[in-house]
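Atoms within a ligand are numbered from 1 in the order they appear, just like the ligands themselves.
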Amino acid sequence: MLLQVNHLQKIFQTRFSKEKTTALQDVAFGVDKGEYIAIMGESGSGKTTLLNILATLEKPTSGSVILNDQDITKIKENQLAVYRREHLGFIFQDFNLLDTLSVRDNIFLPLVLGRQKTAIMEQRLAQLAPKLNIADLLNKQPFELSGGQKQRVAIARALITQPELVLADEPTAALDFKNSEALLSLLESINQAGQTILMVTHSAMAAAHAKRVLFIKDGRIFHQLYRADREVPAFMQEISLTMTNILGTEVQ
Ligand SMILES: Nc1ncnc2c1ncn2[C@@H]1O[C@H](COP(=O)(O)OP(=O)(O)OP(=O)(O)O)[C@@H](O)[C@H]1O
């Protein structure tokens with residue numbers, strides 16, 4: 001198993017008041033290499049908190065996150081940036097491209113920080129660029145790109161380090177229907193090529209592209225659905241029904 005999450009609990013306590021919020025009560029699940037998992041739940045159910053802990057951006061109150069036999073909640077503060085760069089890929093809502101760098105340099109950024117050789121960087125980009133249809137964009141600046149092109153560049157940057165796990169946080173939240181569809185089919189094909197993906201989303205349509213959906217409620221995983229060999233629309237219908245019936249939430 002690639003990732004094993006055990007008895008994860010997160011209690012927030014603000015500095016100024018004694019009030020405690022339990023964001024995660026007891027979350028446990030495992031992810032095999034090559035899986036594509038979506039995590040759904042209503043607002044405030046703990047999705048972002050869970051993703052932040054998996055991303056090593058936040059420490060749990062208790063519990064463990066084992067990625068490739070290492071408990072990543074125990075990594076020392078001064079080693080976290082290197083760990084993230086070497087083992088994890090991130091795809092966020094706003095894509096976070098730096099306008100002062102060319103597209104090529106934006107994609108190379110994690111490798112430059114990790115001091116990879118130029119030849120290796122060029123070789124990996126040469127493999128990725130045609131797959132993501134960005135080969136003609138490499139010398140442009142991010143502000144010259146369309147929204148869809150920016151997404152594909154951000155995906156290239158997430159994949160260039162060949163991460164064990166890609167974490168996506170609401171990747172379609174800021175996109176229109178057409179760009180969402182394009183992004184989701186790209187993520188699907190990246191997964192088919194062997195990349196493990198874990199995505200947090202509000203959208204039943206986005207979740208329906210995953211192979212398995214975990215539903216989180218009140219800080220616990222309480223249900224899961226497998227896509228099996230179903231097409232996206234059929235799976236989406238079951239996801240929406242599950243959200244409505246079990247969570248009592250309407251989803252878009
Ligand atoms: N830094 C923090 N300090 C205190 N409470 C927090 C903090 N971060 C999150 N919480 C609380 O933890 C709970 C879970 O929040 P979280 O952001 O994980 O939910 P979510 O499912 O991602 O919600 P949304 O879908 O609205 O983004 C909420 O009650 C929230 O108010």
Side-chain angles (χ1 to χ4, degrees), residues 3-31 36-65 67 72-73 75 77 80-81 84 88-96 151 154 158 165-177 179-180 183-184 187 197-210 212-225 236 239-252:
L3 176 75
Q4 183 68 52
V5 175
N6 302 306
H7 300 300
L8 212 55
Q9 188 191 44
K10 178 69 181 182
I11 299 168
F12 288 106
Q13 181 161 25
T14 48
R15 230 173 271 180
F16 309 106
S17 77
K18 291 228 158 65
E19 203 183 310
K20 290 181 177 174
T21 307
T22 303
L24 302 177
Q25 296 246 18
D26 184 3
V27 170
F29 62 95
V31 178
Y36 181 1
I37 306 247
I39 295 182
M40 287 197 87
E42 57 192 342
S43 183
S45 58
K47 302 182 299 293
T48 303
T49 305
L50 174 61
L51 198 80
N52 284 344
I53 293 173
L54 299 180
T56 72
L57 296 167
E58 194 118 55
K59 294 251 188 239
T61 307
S62 60
S64 60
V65 178
L67 181 60
I72 64 173
T73 66
I75 297 174
E77 209 60 43
L80 282 176
R84 268 179 229 130
L88 303 173
F90 296 94
I91 300 170
F92 292 115
Q93 252 183 64
D94 54 6
F95 307 124
N96 266 327
Q151 289 164 34
L165 181 63
V166 164
L167 297 171
D169 187 11
E170 296 276 4
T172 59
L175 304 176
D176 60 22
F177 182 79
N179 277 319
S180 294
L183 179 81
L184 292 168
L187 290 179
I197 303 173
L198 191 145
M199 165 175 76
V200 162
T201 182
H202 273 114
S203 153
M205 185 183 88
H209 286 74
R212 178 156 64 116
V213 182
L214 302 178
F215 295 86
I216 188 168
K217 185 180 186 180
D218 299 333
R220 294 175 200 271
I221 305 283
F222 78 101
H223 194 62
Q224 63 174 333
L225 292 176
M236 184 174 155
I239 293 167
S240 300
L241 262 179
T242 305
M243 284 293 281
T244 315
N245 289 344
I246 306 180
L247 299 177
T249 317
E250 293 288 340
V251 286
Q252 61 277 52

Q) Is there any N or O on Thr49 that sits under 3.5 Å from an N or O of ligand 1? A) yes

Q: Before signing off on this row, confirm whether His202 and ligand 1 have an N or O atom pair separated by under 3.5 Å.
A: yes

Q) Are the side chains of Phe29 and Ile39 in touch, meaning some heavy atoms are under 4.5 Å apart? A) yes

Q: Decide whether an N or O pair under 3.5 Å exists between Ala23 and ligand 1.
A: no

Q: Report yes if Gly46 has an N/O atom closer than 3.5 Å to an N/O atom of ligand 1; otherwise report no.
A: yes

Q. Are side-chain heavy atoms of Ile37 and Ile197 found at a separation under 4.5 Å?
A. no

Q) Quick one: does Glu42's side chain get under 4.5 Å of Lys47's, heavy atoms only? A) no

(Q) For the residue pair Ser62 / Gln9, report whether a side-chain donor-acceptor contact shorter than 3.5 Å exists. (A) yes

Q: Distance to 0.1 Å, residue and atom name: give those for the protein heavy atom nearest to atom 25 (O) of ligand 1.
A: Lys47 NZ, 2.7 Å

Q.
I need the atoms of ligand 1 closer than 4.0 Å to a non-hydrogen atom of Thr21, numbered in the order shown.
A. 11 (C), 12 (O), 29 (O)

Q. Checking side chain to side chain contact (heavy atoms under 4.5 Å, CB included) against Val5, which of Leu54, Leu67, Leu24, Ile221 comes through?
A. Leu54

Q) What is the nearest protein non-hydrogen atom to atom 27 (O) of ligand 1, stated with its residue, atom name and distance? A) Thr48 OG1, 3.6 Å

Q. Under 4.0 Å from atom 15 (O) of ligand 1, do we find at least one protein heavy atom?
A. yes

**Q.** Residue, atom name and distance, where the atom is the protein heavy atom closest to atom 28 (C) of ligand 1
**A.** Gly44 O, 3.9 Å

**Q.** Ring-face cation of Lys10 near Phe12 (centre distance under 6.0 Å, axis angle within 45°)
**A.** yes

Q) When rounded to the nearest 0.5 angstrom, what is the spacing between CG in Asn6 and OG1 in Thr73? A) 10.0 Å

Q: Could you tell me whether the side chain of Leu165 reaches within less than 4.5 Å of the side chain of Phe90, counting heavy atoms only?
A: no

Q. Is the shortest heavy-atom distance from the side chain of Arg220 to the side chain of Asp218 under 4.5 Å?
A. no

**Q.** atom 9 (C) of ligand 1 protein-contacted (non-hydrogen atom, under 4.0 angstrom)
**A.** yes

Q. So which heavy atom in the protein is nearest atom 6 (C) of ligand 1, and how far is it from that ligand atom?
A. Phe12 CD1, 3.2 Å

(Q) Out of all atoms in ligand 1, which are within 4.0 Å of some heavy atom of Glu42? Include the element for each. (A) 21 (O)

Q) What about Ser43: any of its N or O atoms under 3.5 Å from an N or O on ligand 1? A) yes

